[in-house]
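Letters go in sequence order (proteins before strands), and every chain restarts at 1.
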Number of protein chains: 4
Amino acid sequence: MKKDSKRELILDAAIKVIAEKGFQYATTVEIAKRAGVAKGLIHFYFENKLDVLLSVILLFWQEINSANRKRLTQYTSPVDRLKAVFVTFQELLLRDERSLYWGKVLNEGLPQLHSIKSDSLQKKMQAIKRENKKLTNTIDTLIKEGQEQGVINAAVKPQVLRLILGGASQMLTYGMYLDLFPKGKIGFNADDVRESMDMLIDKFTTTLSVKGEI
Amino acid sequence: MKKDSKRELILDAAIKVIAEKGFQYATTVEIAKRAGVAKGLIHFYFENKLDVLLSVILLFWQEINSANRKRLTQYTSPVDRLKAVFVTFQELLLRDERSLYWGKVLNEGLPQLHSIKSDSLQKKMQAIKRENKKLTNTIDTLIKEGQEQGVINAAVKPQVLRLILGGASQMLTYGMYLDLFPKGKIGFNADDVRESMDMLIDKFTTTLSVKGEI
Amino acid sequence: MKKDSKRELILDAAIKVIAEKGFQYATTVEIAKRAGVAKGLIHFYFENKLDVLLSVILLFWQEINSANRKRLTQYTSPVDRLKAVFVTFQELLLRDERSLYWGKVLNEGLPQLHSIKSDSLQKKMQAIKRENKKLTNTIDTLIKEGQEQGVINAAVKPQVLRLILGGASQMLTYGMYLDLFPKGKIGFNADDVRESMDMLIDKFTTTLSVKGEI
Amino acid sequence: MKKDSKRELILDAAIKVIAEKGFQYATTVEIAKRAGVAKGLIHFYFENKLDVLLSVILLFWQEINSANRKRLTQYTSPVDRLKAVFVTFQELLLRDERSLYWGKVLNEGLPQLHSIKSDSLQKKMQAIKRENKKLTNTIDTLIKEGQEQGVINAAVKPQVLRLILGGASQMLTYGMYLDLFPKGKIGFNADDVRESMDMLIDKFTTTLSVKGEI
DNA sequence: GATGAATGAGCTTTCATTCAT
DNA sequence: AATGAATGAAAGCTCATTCAT
């Protein structure tokens, strides 16, 4: 940890600068300045600027999957577990200021695989996709299980429901990010986000005996 | 129309290149090449590269508000009108291939206002924000009306519901965009998107006398 | 004159724009705009932008030599004629506002001959040098005659005296040019310039009987 | 000195290229090539191309004022001190080849202050004007003192005499500059220049009890 | 490990010039 | 004669990356 402290300073600075300026407009000079290290050091710890971005993103997906692994063991019903996934997502992003920037960074499109020459970066990209797919599969599987058990509306295609929930979750979190800045006061807080996501998932479930329209 | 054909070629090319590469990686050279014009012509019709981006975005919001103005007169109930807003959104984006790119371009973060020096671009930014606000206000107002009339769940804050619907809509449309490319087959089509949005909105309404779970 | 009116408008505009911005920063767009004609018309009347500059300069030297031809016939003594040359110079430059700009344009260095490819421009350059040489020769000859007649200090090399008189004349005129602009009020006027040049020349002459140190 | 060697190489190269081509035709590529460095390095040491020009000019005026400060303590009479100012000027310019280029660079018109956006360049311009004013004031003051003591012709306005002397000095030096190039052999040398300036100043003085022609 | 001077490919932008109308 | 849309060479400048210290 002492050993890697500079590397972490760079990653921390990179998340913020990339979130604020976007990947291309985030310059190595500014990242280094924000991290309090010399410009050259970035290329000591990372292959190149893209490597920094990929490292930031991979770290996020690894953390989210790792957090999910722990949390999902606590629930058994598909609906509770589905809610838990999004709670994990929100918790990770709302943990601290730095994490909130992550939500913005993830919006940065990943570069086309074929445009990456370096082998090690190719592998890092594959790792990111694998982690990403892991979460996607988790969600889709939970939805399907819920539909088979008759507690989730079977009329909705799993991937469509995933996109609805993911889109809503992302948008609400993005709202939290904007709230960091004075201009963008949005009128709701982290608790509202959590409740709203739970409520949204409930719209697609019939966990209790029966209940209205689903 | 003949007069502005080259200008439109540039805008069309810009939408695609920006959607594929992102604004920052979209070079003027490539936009010009794709439009089949000399690169100098871009700066004849536009102040600079940013002006091209802003022009594309402004055009979109103007078209969407204009389409809404027409469509909303056809409905009276807040719920129907709310659905109509998102139908307009989907229709505009699914109209043709070019439009689909728009959804991607809109994800490009707008530059910080204070970083724009030029007066005319400042004005263009203001115009975009105005059009954007117009849509936002329309949606929020419809939700509030629905809540006052008791047909939309009053427990959800209007701006939260707007973000949920907007996020879902955007994510589903983005899925359609990915479908353009061989790799990303997503397993649902434009009709699915429309139905899903209607269904999602219905989750928050009690159009029928039945109150159900809302 | 009606025939060439547009050509003259362009030359007039060019003098001012070049004086204000310098030759390179004087754009054809601005020259055309100031002249009230279309940009393309410049290339109808002139081979290229350099041709405009050379035409402006050639015109000046032709006018000055032509004015000298007339004026010099009115005087016989070398000293009077020498003074007359500089009076012509001042008069031409102080004739009107446009002329004053000339003084500034003349400061623009002439391009290296070998960098001019076009034959016709090569010829125009030669013509300018010829006109320039004509004036130089006139001055040097007058000084030599004065020295031979014992009325001009023979200790000064003719070309040195020419440079002294030319430098002083140019500097004083340049002061008048600066006076056009609010900031540069210089505290002397056209009459002061004329008197000063006469006085300066007198310093090097013994026109009267004898008189002190010369 | 080792530290700044590249920066000085750039300044040296810039002086020459600007003198030969004029500021506007002096390209950063050529300055870099002549200095033997990469073109990017220019923008490492200087804000932009204009900054290079301003730095060159400021350096000159600082050197001239500094040299004057030392030299002027050696003389007491206004006339001797006035001559000394121009000797300093000549000496600085004739010190080595590089210095001679300075005379040409100084002829480049300074850009209009209001066209400079950058704060630091605004300050550099102010510094140049201050140094310039310092020399101007020195000369004008010496002339006035001489006039009050009755040794300099009181009929000439100080600023007019300054322009006469300055113009002559500049023109003679410019002649020396042309002598660098094969084509322009001018027939006088550095000693001629110095003597001529002394002689010119003497024309306006009555150092000896004799009043002579003044 | 850490620094920052130095590099140069690649970008946006300018603008003289052309040419169809 | 006159226009101005269109061209493209060439410029200034940025910034990821390298490397001697």
OP1 or OP2 of [N] less than 4.0 angstrom from a side-chain nitrogen or oxygen of [X], does that happen here?
{"X": "C:Tyr25", "N": "E:dC15", "result": "no"}
{"X": "D:Tyr45", "N": "E:dA5", "result": "no"}
{"X": "A:Thr28", "N": "F:dA16", "result": "yes"}

Over 60° means perpendicular and under 30° means parallel, so tell me whether A:Phe23 and B:Tyr25 are parallel, tilted or perpendicular.
tilted

To the nearest Å, how far apart are [X] [atom1] and [N] [atom2]?
{"X": "B:His43", "N": "F:dA5", "atom1": "NE2", "atom2": "C1'", "result": "16 Å"}
{"X": "C:Phe23", "N": "E:dT14", "atom1": "CZ", "atom2": "P", "result": "19 Å"}
{"X": "A:Ile10", "N": "F:dA16", "atom1": "CD1", "atom2": "C1'", "result": "14 Å"}
{"X": "A:Lys33", "N": "E:dG4", "atom1": "NZ", "atom2": "P", "result": "12 Å"}
{"X": "D:Ile42", "N": "E:dA5", "atom1": "CD1", "atom2": "P", "result": "16 Å"}
{"X": "D:Glu47", "N": "F:dC15", "atom1": "CD", "atom2": "C1'", "result": "17 Å"}
{"X": "A:Ile18", "N": "F:dA16", "atom1": "CD1", "atom2": "P", "result": "11 Å"}
{"X": "A:Ile31", "N": "E:dG4", "atom1": "CD1", "atom2": "C1'", "result": "17 Å"}

Main-chain N/O of D:Ile116 paired with D:Gln122 side-chain donor or acceptor, under 3.5 Å
yes

Has A:Lys49 got a side-chain atom pairing as donor or acceptor with A:Ile42's backbone, closer than 3.5 angstrom?
no

Result for 5'-nearest mapping on DNA chain E, choosing between C:Val29 and D:Gly36, is D:Gly36

Step by step, work out the side chain to side chain contact (heavy atoms under 4.5 Å, CB included) result for D:Asp51 and D:Tyr45.
CA-CA 9 Å; D:Asp51 189 16; D:Tyr45 284 116; over 6 Å; no

Sugar-phosphate, base or nothing in reach of D:Ala32, heavy atoms under 4.0 Å
nothing

With heavy atoms under 4.0 Å as the rule, sort C:Thr27 into base, sugar-phosphate or nothing.
sugar-phosphate

Nucleotide nearest [X] (side chain, heavy atoms from C-beta), chosen from [options]:
{"X": "C:Lys49", "options": "E:dT17, F:dA16, E:dT3", "value": "E:dT17"}
{"X": "C:Leu41", "options": "E:dC11, F:dA2, E:dA2", "value": "F:dA2"}
{"X": "D:Phe44", "options": "E:dG4, F:dA16, E:dT18", "value": "E:dG4"}
{"X": "C:Asn48", "options": "E:dT3, F:dA1, E:dT17", "value": "E:dT17"}

Of the non-hydrogen atoms in C:Val52 and C:Leu11, which two are nearest, and what is the gap between them?
O-CD2, 4.1 Å

Any donor-acceptor pair, under 3.5 Å, between the side chain of A:Lys39 and the base of F:dT17, if you only look at N and O atoms?
yes

Inter-residue atom distance D:Glu63.CD - D:Leu59.CG, 0.5 Å rounding:
5.0 Å

Inter-residue atom distance D:Ile128.CD1 - D:Leu53.CG, 0.5 Å rounding
7.0 Å

Go through it in stages, so that I can follow the logic: the residues are D:Glu47 and D:Lys124, the test is side chain to side chain contact (heavy atoms under 4.5 Å, CB included), and I'd like the CA-CA distance, side-chain angles, deciding distance and then a yes or no.
CA-CA 11 Å; D:Glu47 202 169 308; D:Lys124 204 163 262 185; over 6 Å; no

Hey, which of these two, C:Val37 or D:Ala26, hits DNA chain F nearer its 5' end, going by closest nucleotide?
C:Val37

Counting runs of three or more consecutive pairs, Watson-Crick or G-U wobble, with each distance below 3.5 Å, where are the stems of DNA chain F?
E:2-21 with F:2-21

